[in-house]
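Okay, structure first, notes after.
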Amino acid sequence: MSSQNNQSAIGEAKAKQEHHNLAIEIRIHDDAYYKQDAPIVEDAKYDALRKRLLALEAEFPALATKDSPSQNVGIKPSGKFGKITHNVPMLSLDNAFDDGDVRDFAARVRRFLRMGEGEALSFTAEPKIDGLSASIRYENGALVSAATRGDGRIGEDITANIRTLKNVPHKLAGSNWPDVVEIRGEVYIDDADFATMNAAQEHAGKEPYKNPRNAAAGSLRQIDPSVTASRPLKFYAYAWGEVSAPLSDTQMGAVDNLNAWGFSTNDLMKICATASDMIAHYKMIEAGRSTLGYDIDGVVYKVNDLALQERLGFVSRAPRWAIAHKFPAEKATTLIEDIDVQVGRTGALTPVARLKPVTVGGVVVSNATLHNEDEIKRLDVRVGDTVEIQRAGDVIPQVLRVLDADRAGRSEEFTLPKSCPICGAGAVRDIDDKGNMDVVRRCTNGLQCPAQAIESLRHFVSRRAYDIDGMGAKQIEAFYQKELMLEPAHIFTLEARNDDIKLKTWDGWGEQSASNLFAAINARRNIEFHRFLYGFGIRHVGHGNANLIAKHYLSFDKFLQLMTSEDQDAARADLLAIDGIGEASASALLGFFHTPQNMVVVDELLAQVNVIDAEAPNADSPVTGKTVVFTGKLELMSRDEAKAKAQSLGAKVSGSVSAKTDYLVAGPGAGSKLKKAEGLGVKVLSEAEWLELIG
Ligand code: IVH
């Protein structure tokens with residue numbers, strides 16, 4: 001499109017006409033591409049049409065109506081996901097954590113194959129992409145279906161969503177592909193796209209995604225494929241499932257074929273003759289990790305000869321011919337530029353190190369938590385120090401140690417203020433009945449402290465509580481600062497006050513976003529017991545405990561009667577009789593419901609919402625009354641899902657292994673809990689065995 005064709009030079013009426021024509025043309029191409037599988041134009045032409053449409057809308061925002069192609073890609077929702085059975089199961093990989101594990105793996109393979117040291121045995125080594133696996137089936141060269149891994153045997157039908165990925169061919173290129181071939185690989189989002197996507201997410205008042213993997217998961221499992229199409233998902237092919245003819249004699253040869261048929265494959269895949277070669281390639285990939293532009297969490301080694309893979313076969317859920325060599329937590333060195341103090345929902349003062357930005361494992365880190373004043377003392381960390389920091393997975397970066405502690409002229413020791421940096425009220429460290437001092441210093445001003453009030457409201461709308469879309473940190477702060485929303489119940493009266501508030505006229509809001517917000521709020525007027533309770537953010541009452549309480553009392557009214565009864569000792573005993581509820585939670589609950597200001601908050605909220613009773617747990621499941629502990633990485637479901645499922649079947653989920661534990665469900669990476677369970681003779685199950693047990 002020529003830059004001479006300047007939108008500002010054309011009048012609104014003309015722009016409207018051009019926009020209308022473009023919209024029709026784009027719709028036709030969307031339909032051809034996504035639904036008919038038969039694109040009419042080159043990608044570049046299509047991109048130019050969309051670019052022009054967006055330029056017109058930037059100039060004349062009124063053109064961006066909700067049915068403009070800029071707002072959706074015009075693909076009808078597919079409804080709920082169907083199920084697809086994997087004829088060849090989708091397995092997972094065992095892990096190696098150090099060089100010794102890699103050498104053991106190579107030796108194990110040789111032993112199994114009865115191969116002497118002198119006999120040649122080669123492996124492939126390639127990055128382990130941190131995304132989600134998918135299996136895409138082609139019949140006679142045409143994409144016919146696609147599925148998630150699911151439980152490894154049955155996945156969800158994500159055909160419509162996978163079709164929207166730009167680097168997944170709808171028809172196989174080249175020739176010599178088998179009539180039936182299932183291509184497997186990883187769906188992911190690269191770092192640059194992730195940054196753009198999260199900026200848009202925050203702009204829309206939604207919680208940003210924690211990492212590219214979560215963003216990819218959320219994007220892939222969209223019921224509406226037009227949403228998936230608007231997300232920057234990509235696919236790396238590295239494996240296959242059912243095939244009507246072999247792909248090659250070797251892993252490398254097969255992957256070369258996948259590439260020739262139109263798939264992106266990873267250039268860093270290499271053939272290695274020995275364990276030392278594998279380790280050297282691992283080190284090379286690890287050294288370049290931060291410059292790759294996408295997240296990886298290790299290197300996968302596979303026996304290259306496919307006939308040998310066949311002989312080696314599988315043990316339970318993982319092949320004997322492959323292993324994932326995981327990266328350790330990433331470390332880096334940087335400077336502490338400042339130390340700030342944040343005030344959290346419970347008033348906790350948390351010192352946060354502001355760092356000179358540094359890339360750690362592909363992510364730019366500029367903050368690290370210093371936890372509390374004891375930790376600052378232990379590290380003797382001061383502004384101006386050079387420190388070693390660590391980032392592991394999803395957790396907040398940590399400061400490990402000061403590197404120049406001996407240097408003369410270090411700045412003064414850092415001490416936490418004795419008053420709240422936000423509201424100025426006293427900040428103290430509690431002392432418990434036994435005379436132990438809490439490690440955390442807290443602001444004593446409760447919800448009168450703006451920081452605590454805002455954080456409480458953020459907690460209230462968060463995913464595990466009321467989960468209100470469109471109400472992010474930015475929006476809450478704006479409503480709070482204008483004194484329109486000082487406590488939870490005010491969220492539910494916003495719409496009724498909107499004649500005065502006129503939300504649609506605010507900066508960043510419009511007619512549509514305002515009405516979306518009110519719809520999201522109204523959808524939560526019927527709220528489950530556990531969400532209702534968790535939403536108050538009572539100390540020691542996390543979503544797990546809120547769930548236990550809801551499952552125990554079933555009705556919130558009944559629970560409230562007990563909490564507010566005169567006989568606090570009886571109420572405490574009742575709470576403590578619930579498996580999993582301890583002294584700290586019981587005291588916090590009673591303390592909360594016996595504080596008059598809190599009861600005002602509860603009553604006002606009850607005037608706005610209806611609390612839905614919890615369902616009674618299934619009394620005759622095979623795990624009713626059993627105690628189960630989950631450890632290691634769960635691969636078939638999230639930890640939350642696993643816990644909720646177990647609890648709904650009447651099992652008690654515990655965090656630690658003891659003689660009372662009935663089952664330990666151990667995923668990859670299980671460590672001390674697994675050892676302890678084995679020592680105690682506790683029954684250990686894989687995730688798949690657990691799923692089988694609970695049916
Ligand atoms: S091979 C039968 N190669 O890692 C083994 N997996 O922890 C098939 N993954 O479920 C897997 N990159 O989702 C393989 N280059 C790669 C991989 C890879 C990422 C994922 C995959 C798998 C998981 C196992």
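The first residue in the sequence is number 1, and the count goes up from there. These figures come from a predicted structure and were not determined experimentally. Order of appearance sets the numbers: ligands from 1, and atoms from 1 within every ligand.
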Please report, to 0.1 Å, the donor-acceptor pairs under 3.5 Å made by any side chain of residues 242-249, with sequence neighbours excluded.
residue : atom : partner : partner atom : Å
Glu242  : OE1  : Asn87   : ND2          : 2.7
Glu242  : OE1  : Arg137  : NH1          : 2.9
Ser244  : OG   : Asp179  : N            : 3.2
Ser244  : OG   : Val180  : N            : 3.0
Ser244  : OG   : Val180  : O            : 3.4
Ser248  : OG   : Thr250  : N            : 3.2
Ser248  : OG   : Thr250  : O            : 3.4

May I ask you to say whether Asp297 pairs ionically with Arg213, meaning some side-chain N is under 4.0 Å from a carboxylate O?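 No salt bridge links Asp297 with Arg213.
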Between Lys283 and Asp99, does any NZ, NE, NH1 or NH2 come within less than 4.0 Å of an OD or OE carboxylate oxygen?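 Between Lys283 and Asp99 there is a salt bridge, with a charged N closer than 4.0 Å to a carboxylate O.
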Counting only pairs under 3.5 Å, give me each side-chain donor-acceptor contact of residues 112-130, with atom names and distances, residues two or more places apart or in other chains.
residue : atom : partner : partner atom : Å
Glu119  : OE2  : Gly116  : N            : 2.9
Thr124  : OG1  : Lys302  : O            : 3.4
Glu126  : OE2  : Lys302  : NZ           : 3.2

Parallel, tilted or perpendicular, judged at 30° and 60°: which one describes the rings of Phe263 and Tyr138?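 Answer is perpendicular, since the angle exceeds 60°.
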Among residues at least two apart in sequence or on other chains, which ones pass salt bridge (Lys or Arg N to Asp or Glu O under 4.0 Å) with Asp467?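 Per chain and number, Asp467 pairs via salt bridge (Lys or Arg N to Asp or Glu O under 4.0 Å) with Arg524.
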Report all protein residues having a heavy-atom distance below 4.0 Å to some atom of ligand 1; order the list by chain, then number.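 Shell around ligand 1 (4.0 Å, heavy atoms): Leu91, Leu93, Glu126, Pro127, Lys128, Ile129, Ser133, Arg149, Glu186, Tyr238, Val300, Lys302, Pro319, Glu635.
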